[in-house]
Structures are given as C-alpha cells and as structure tokens.
There are 2 protein chains.
Amino acid sequence: MHTLHSTIKKSGGRLTKTKQALLEVLASQHCLLSKATIIKQLQRKHVTPNRSTLYRELVFLVKHHIINQSTINGTDYFELAHQHHHHLVCLGCNNIERVDMDNHLTKQEQYITKQHQFNIINHLLEFYGYCQKCQN
Amino acid sequence: MHTLHSTIKKSGGRLTKTKQALLEVLASQHCLLSKATIIKQLQRKHVTPNRSTLYRELVFLVKHHIINQSTINGTDYFELAHQHHHHLVCLGCNNIERVDMDNHLTKQEQYITKQHQFNIINHLLEFYGYCQKCQN
DNA sequence: ATATTTGCAAACGTTTTGCATAGTG
DNA sequence: CACTATGCAAAACGTTTGCAAATAT
C-alpha cells in the first residue's frame, strides 16, 4: 500500500477516501472485478461514491498503470496492475476462472521487444471455452 | 467461403447481401476490424445496412463462432474465427500491430483441458506497451 | 409458405461533461 | 492557497428493442 500511495502522489493524485477504499477492495480480491462488484464491495465498507466519481477514479488509476482494465464478453473488469493472472472464460455461463501460468511468455516478450522495438508493459491472456458444467 | 456458407446455413442463418459483404470484408483484412471500420469498408462495396442490422449480424456470427470479438481499450474488434493472431497494442497511439507466434500455447492448452476440465474453443493474447514512435 | 432479415423510431443503460462546492496537500 | 476530488443533473453515446414490411429458402 505504501508504494501505491507514493505512486499516486507522483501521478498528481490525492489519497482520498474513495481512492483508498477502492484500492483496498482491489487488493483484497485476487481476481478481476467488474464495476458492479466494485460498487457492492465499496458499499460494505460504507463508501458510496457517485458513479461519475468512481468512473473518474478508475480512469485515473488505469491511466497511471496502477490498475489494469480488461473487457471480457462486453463487461469491463479491473485488477491491481501487479496482480496479474490469466483466465478461463466460459462461453456458456460467463463464469471466469483464474489460472496461473508463470513465466510462460517471458521468452516471447523478449523476442517481441527486440524484433518489433516494442516496449511491453503488460499482457492479457484469456482462454475461451466451456467449463465442465456447460459441456453438453 | 463455401464452408462459411454451409456453416451459416447449419446455424439457421440466411446468406443475405449484408452477411455476404460483411464476411468478404472480414476475409479481405487480415486483422482486427472495429465496427466503424467495418461500416466504412461496407460503404466501399455500396452496402449500407442500418446500424441495428449490422449489430444483429455481428451478434449472430459471434454466437455461432464464425467470427471472434475482442475488446481492446474499450473498442470492439472483429475477425474471422480461423484468422487468429496476437497483437501489440500501443498505449500511446492506440495502434494495433499483428504478431505471429504459432503453437506457443498448445502445451498450456492441453494442460488446462486436463487440469481444469475446460474445453478451450479460442484464446486471446494481447501485449500492451509502447511502440517505437511512442517511446520517450 | 415459413422463417429470417431489414429499416425505422423509440427506448434503454451506461458513460461523460460542466459546474459549483468540498476537501487535500 | 492552489489544485484535485466530489456530487448532481444534463447531455451524449452506443446499443437494443418492437414492429411491420421485405426477402431468402
């Protein structure tokens, strides 16, 4: 949290109640959170920001690479930038399951960095298919 | 195109002017196309469907796995399902560059299929970062 | 003949904006 | 004090829907 605090300050942001609660929520869940879920979790903490405020916070945090935004099946999801994993997305029930696969892309990223002169900050890897329940 | 035709018929769809032109557009471009780009390309072919018609076509084709839909930085992109590649997405200029990496995920997919009892249909792999121009 | 596809207009839901006020550093 | 963050209401935006007419098989 300390490093986050300084990152935010460096970005010209202020550590407000909303931002703090938002980061706590994202830190406590080790998975992708939708806006609706974020709002629910904030409510549990008795933090009920206006929608525009929440949206503006999310834009700020994404812009400064403090959190990542991914869109899966038309819904936006957020997670802390350093909490990175991959996902299995069920095309039947839309459930999203985490899957851990460490270092699998390191070589490819090095290759891309050299070959394409592209400075990689992050990546997104999602597998789409059908979970056990939804297989007919 | 022939196989696509039969796939569409099997799915209960009809080969209309719009659907045909849409598939031609997607087949001619070997990259992700946004809705706006699709509309422009259709116009060149003098096919100008109503927005709702186009959206309905896209929903149909995605639903039947004839095309893939990916959302990158908040914009929806489409491509023929068998035309699969990965992308470098520039966080500066939003440009999307294709990158070919064959078979890199085969082993992982086999592992996931067994370990998670998950039937993989497709996957999405995107690298986010800064292209040569946007590196300061 | 039957079912799908189409365009239109209205409805919808989400996100964005302007502005005045409150709060942070 | 200067600048960011907030809530509110309005506006903007893309998408979806219902329906009657047109079209494909």
Side-chain angles (χ1 to χ4, degrees), chain A residues 1-26 32-40 42-43 45-64 66-67 69-78 94, chain B residues 1-26 32-40 42-43 45-64 66-67 69-78 94:
Chain A
M1 268 306 112
H2 249 218
T3 54
L4 278 184
H5 191 151
S6 63
T7 308
I8 288 167
K9 279 174 80 177
K10 261 192 288 181
S11 311
R14 290 172 184 186
L15 209 65
T16 60
K17 196 171 49 178
T18 307
K19 200 174 275 136
Q20 212 152 2
L22 181 52
L23 289 172
E24 276 170 32
V25 164
L26 288 161
L32 297 175
L33 297 182
S34 68
K35 284 170 182 168
T37 308
I38 288 170
I39 290 172
K40 275 185 208 155
L42 286 175
Q43 278 173 345
K45 289 176 168 285
H46 307 289
V47 177
T48 55
N50 187 273
R51 274 195 139 66
S52 54
T53 302
L54 178 61
Y55 291 164
R56 280 187 278 223
E57 284 293 0
L58 289 170
V59 168
F60 175 90
L61 295 172
V62 168
K63 193 177 182 181
H64 294 287
I66 295 165
I67 65 175
Q69 173 172 4
S70 338
T71 309
I72 297 173
N73 281 345
T75 303
D76 292 330
Y77 293 93
F78 301 86
N94 277 314
Chain B
M1 265 310 108
H2 248 220
T3 54
L4 278 184
H5 191 151
S6 64
T7 308
I8 288 167
K9 278 174 82 176
K10 258 191 291 180
S11 310
R14 291 171 182 187
L15 209 66
T16 60
K17 195 171 51 177
T18 307
K19 201 174 272 136
Q20 211 152 2
L22 181 51
L23 289 171
E24 276 169 31
V25 164
L26 288 160
L32 298 174
L33 297 181
S34 67
K35 285 169 182 169
T37 308
I38 288 170
I39 290 171
K40 275 184 207 156
L42 286 175
Q43 278 173 346
K45 289 175 167 290
H46 306 289
V47 178
T48 54
N50 186 274
R51 273 194 140 65
S52 54
T53 303
L54 178 61
Y55 291 163
R56 281 186 279 224
E57 284 294 1
L58 289 170
V59 167
F60 175 90
L61 295 173
V62 168
K63 194 176 180 180
H64 294 286
I66 295 165
I67 66 175
Q69 173 172 5
S70 338
T71 308
I72 297 173
N73 281 345
T75 303
D76 293 330
Y77 293 92
F78 302 86
N94 277 315

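Chain letters run A, B, ... following the sequence lines, proteins first and then strands; every chain starts at 1. The figures that follow rest on heavy atoms only: side chains count, while hydrogens, waters and symmetry mates do not.
- When distances are taken from the side chain of Arg14(B) to each of dG7(C), dT15(C), dA3(C), the shortest belongs to dA3(C).
- Distance Leu54(B) CG to dT15(D) P: 10 Å, rounded to the nearest Å.
- In this entry the distance linking CG of Leu61(B) with P of dT4(C) reads 16 Å, nearest Å.
- Remark: Thr18(A) is in phosphate contact with dT6(D), judged by side-chain N or O atoms under 4.0 Å from OP1 or OP2.
- Comparing Arg51(B) and Lys17(B) by the nucleotide of DNA chain D that holds the closest heavy atom to each, the one mapping nearer the 5' end is Arg51(B).
- The shortest distance between the side-chain N/O atoms of Thr53(B) and the OP1/OP2 oxygens of dT5(C) is not below 4.0 Å.
- Minimum atom distance to the side chain of Pro49(B) is reached by dG7(C), of the listed dG7(C), dA5(D), dT17(C).
- For the pair Asp76(B) CG and dT16(D) C1', the computed distance is 14 Å after rounding to whole Å.
- The interatomic distance linking Ile8(B) (CD1) with dT25(D) (P) rounds to 10 Å, in whole Å.
- Put simply, Asn50(B) has no side-chain N or O that comes within less than 4.0 Å of OP1 or OP2 on dT6(C).
- Going from atom CG of Leu23(A) over to atom P of dA5(D) covers 12 Å, rounded to whole Å.
- Residues Ser52(A) and Val59(B) each lie close to DNA chain D; by heavy-atom proximity, the contact nearer the 5' end of the strand is made by Ser52(A).
- Across dT15(D), dT6(D), dG7(C), the shortest atom-to-atom separation from the side chain of Glu57(A) is found for dT6(D).
- Nucleotide dA12(D) holds its C1' atom 14 Å from the OH atom of Tyr55(A), rounded to whole Å.
- Atoms NE2 (His64(B)) and P (dT4(C)) sit 10 Å apart, rounded to a whole Å.
- The side chain of Lys19(B) places an N or O atom within less than 4.0 Å of a non-bridging phosphate oxygen (OP1 or OP2) of dT5(C).
- Of the candidates Leu26(A), Leu32(A), Leu61(A), Phe78(A) forms a side-chain contact (heavy atoms from CB on, under 4.5 Å) with just one, namely Leu26(A).
- Side-chain N/O atoms of Asn50(B) and Ser52(B) include a donor and acceptor closer than 3.5 Å.
- Picking from dG23(C), dG7(D), dA24(D) the nucleotide with the shortest atom distance to the side chain of Thr16(B) gives dA24(D).
- Residues Ile38(A) and Leu54(A) are in side-chain contact: their nearest non-hydrogen atoms beyond the backbone lie under 4.5 Å apart.
- Between the Lys19(B) side chain and the Arg14(B) main chain, a donor and an acceptor come within less than 3.5 Å of each other.
- Put simply, the side chain of Ser34(A) gets close to the backbone of Thr37(A): a donor and an acceptor are under 3.5 Å apart.
- The CZ atom of Arg56(B) sits 8 Å away from the C1' atom of dG7(C) (whole-angstrom rounding).
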